[in-house]
There are 2 protein chains.
Amino acid sequence: MTGIKKATIRDVAARAGLALGTVSRVLNDHPSVTPQARKSVQEAIEALGYQRDAVAGSMRNARTKMVACAIRDFDIPAFASYVKAAEGVFRRAGYTLLLASTSNEKDVELALLRGFAQRRVEGVMMTMSDEADAELAETIAGAPMPIVLIDRELLPDVDRVMADHQSGAEQAVQHLMSLGHRRIGMIVGDPAAYPSRSRIAGYRRVHAQRGVAVDEALIRDHALSNEIAFRETCALLSTADRPTALFVAAMDMLAGTLRALRSNGLQPGRDIDLVAGSDSDLAELGTPPISALSWDRAEMGRHAAEMLLDRIRDPQPRAPRCVRLPVSLVVRGRPYDGLPRR
Amino acid sequence: MTGIKKATIRDVAARAGLALGTVSRVLNDHPSVTPQARKSVQEAIEALGYQRDAVAGSMRNARTKMVACAIRDFDIPAFASYVKAAEGVFRRAGYTLLLASTSNEKDVELALLRGFAQRRVEGVMMTMSDEADAELAETIAGAPMPIVLIDRELLPDVDRVMADHQSGAEQAVQHLMSLGHRRIGMIVGDPAAYPSRSRIAGYRRVHAQRGVAVDEALIRDHALSNEIAFRETCALLSTADRPTALFVAAMDMLAGTLRALRSNGLQPGRDIDLVAGSDSDLAELGTPPISALSWDRAEMGRHAAEMLLDRIRDPQPRAPRCVRLPVSLVVRGRPYDGLPRR
DNA sequence: CAGAGTCAATGAACCGGTTCCAAATCCGCT
DNA sequence: AGCGGATTTGGAACCGGTTCATTGACTCTG
């Protein structure tokens, strides 16, 4: 917290006995500088403790070397994994990451996009609350910087990285049906976003293939938090003809469902079968261990970051790219030992 | 991605038929502007789709309205909770958060601090790998912006927010001793950082109070990841006179320890007693549930953010502040049913 | 040795805001 | 009407870099 005025490039130039343009060229590794000039500039920099001002450097033409990420809630472990992997890629490329949670609120998303544009951020990685919202779609398509969407699929002209949640859901439901279940409850998030929408599609597809009618009451599509997952699970369990298995398809909602089971005196694996929509320590290490859908989260973050850097480096309009990562079912626990019970 | 050149404040002034100074005053809510001038400026802004350039705005004098956070690994749920809470406070105050993981590497920490200073970040929230390192201490003390340390205690002149991990460790060890244990293994992180150091101090203190000699071999202080926690737990279990209880004191390492127990055929609660150093869904919902230390993580993040904003708003040198949040033991699981077993 | 060509160095102009002094305008009062 | 003080407006200077046309020195060639 020194109060001393910071040295500028002009101070360095004066001390080195050179013009400020020469100093600038030294700083930017421009080829046409004599080794001798380079040396005296470096000495002056050392002597004055000069530090380049990135704000000023971004003024005229050079870019800001900043990228941003606006994601629903980055304290959800899966999202934290994406972001951490992406941040590593960005940092190694000399970019700094701006991060914000949107809490899945459209207004926050719009405000953040505006703020990022004002800060001249060079690219954005984001989710959005509602893929069908025209204002969001327009703002994203018209943004002054490239955008990569995470786990969102509408907006055909925008790069995106996603996991194949439909396939995942199909595997989960197949698995439960192969264990004999026909009434499978589903705890899932808002279908306005791709992950939940495609999981529901997968759920329906397997039912259709197997000729099992879907009971709409079994699909609970409001889970955005563990508290809601708890309530929705309780609701499912309190119906007359209650499900014999649950597909906890929303991200990171297994804990809420387990709490609900526990408070209803039910044990997973004994009284009800479960598949979790995203893998976690809790699914792996619970008793019994719980089958879960899994995909490479770090890979997803890295992909997103690299696609974004690509666009930044080469801003020519090109066909949008879409990376879809495979989702696989990790089967756990003792095999189900018979018919569903009440 | 419109290719149209963006409107500047001068374009707005021209269109409104006013001077650029007047436009600037309108933008900054300066009082001495007639409602009429304000109106025509706003119309011009609307018509041109003008957006203020935050980079240019920060050039002359105004601040950057950016704060940064450099934390060990923000995909650790506890850290993600801190950061999310802090980001909310910052965003509501009009600040944007820059985030980076340091992976607990000194070089990364130093490089990030330098980068933040160059970007004219107004404040920093951070952890550091080694509190005793002179170069880090000097860089932090001499930083051009205020810094708040998270869960770090040395550096008496710097604001800091921490949890009372020593008290937590004491409660954990007391609890285990009151269950009859005398050989308590400890999985803990690097004592170069406050949390592990103070947990070890708490462990020793309770031993001393109870007149139990500390077997140094029971303190495994290298756990920075679940893989290491796994190995360290295995090492503890393979000793001749193995511990009858474990205090898994490192942040978020319970999963590694549970994997080790499982692969050694041991069940927590039956074959060995556990206390986790940080609470999690896994501790709460495992079978049996595992006692854990708990503190208000969101509160910690909010405190840190507010202390930082305070310093930014009033940069007068003041006595450093230190907030220490209480840690409490959440006791879970069936009471231990007898003497320790092998 | 003149002329062309190469390369390093110079420093004014520029980026798009904010700041602030000076000028213009307005208003109330005698 | 004339004056003083307050308020609003104008616009040049400034922030600290980058860019680039220009200059100057030096080398190469015929």
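Each chain gets a letter, A, B and so on, in the order the sequences are listed, and its residues count up from 1. Given the structure is predicted, the values throughout are model-derived calculations rather than measurements.
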Look at the side chain of B:Ile9 and decide which nucleotide, out of D:dT18, C:dC15, C:dG17, has an atom nearest to it. C:dG17
What integer distance in Å separates A:Gln36:CD from C:dA8:C1'? 11 Å
Indicate, yes or no, whether a donor-acceptor pair under 3.5 Å links the base of D:dG17 to the side chain of A:Arg10. yes
Distance, nearest 0.5 Å, that separates CE of A:Met307 from CD1 of A:Ile312: 12.0 Å
Distance check needed: D:dG16 P versus A:Leu48 CG, whole Å only. 14 Å
Quickly work out the B:Asn28 CG to C:dT18 P distance and round it to whole Å. 5 Å
With sequence neighbours left out, what residues match A:Glu306 under salt bridge (Lys or Arg N to Asp or Glu O under 4.0 Å)? none
Roughly how many Å is it from CZ in B:Arg119 to P in D:dC15, rounded to a whole number? 23 Å
How far does the helix from C:dC1-D:dG30 to C:dT30-D:dA1 bend, going by the axes of its first and last five pairs, to the nearest 10°? 50°
Can you check the A:Arg63 CZ to D:dG17 P distance for me, whole Å? 18 Å
What is the distance, to the nearest angstrom, from the CG atom on A:Asp53 to the C1' atom on C:dC15? 14 Å
Atom pair distance, as rounded to whole Å: CZ in A:Arg52 and P in D:dG17: 8 Å
Between B:Ser24 and C:dG17, is there a contact of a side-chain N or O with OP1 or OP2 at under 4.0 Å? no
Do NZ/NE/NH1/NH2 and the carboxylate oxygens of B:Lys106 and B:Asp130 come within less than 4.0 Å? no
Whether A:Arg302 and A:Glu299 form a salt bridge (side-chain N of Lys/Arg under 4.0 Å from carboxylate O of Asp/Glu) is what I want to check. yes
What is the separation between atom CZ on B:Arg120 and atom C1' on D:dG17, rounded to the nearest whole Å? 10 Å
Would you kindly say whether B:Thr96 and A:Arg119 are connected by a side-chain donor-acceptor distance under 3.5 Å? yes
I want to verify a distance call: between D:dT18, D:dG17, C:dT18, whose nearest atom is closest to the A:Thr8 side chain? D:dG17
Scanning both residues in full, the closest heavy-atom pair of B:Ile9 with B:Val23 reads CG1-CG1, 3.4 Å
Students often mix this up, so state it plainly: with edges at 30° and 60°, are the rings of B:Phe90 and B:Tyr95 parallel, tilted or perpendicular? tilted
Do the charged groups of B:Asp310 and B:Arg321 touch, with an N to O distance under 4.0 Å? yes
Output yes when a side-chain donor or acceptor of A:Asp53 lies under 3.5 Å from a complementary backbone atom of A:Ala56, and no otherwise. yes
Contact letters for nucleotides 6-11 of chain D, in which S counts primed atoms plus P, OP1 and OP2 and B counts the base, heavy atoms under 4.0 Å: --SBBB
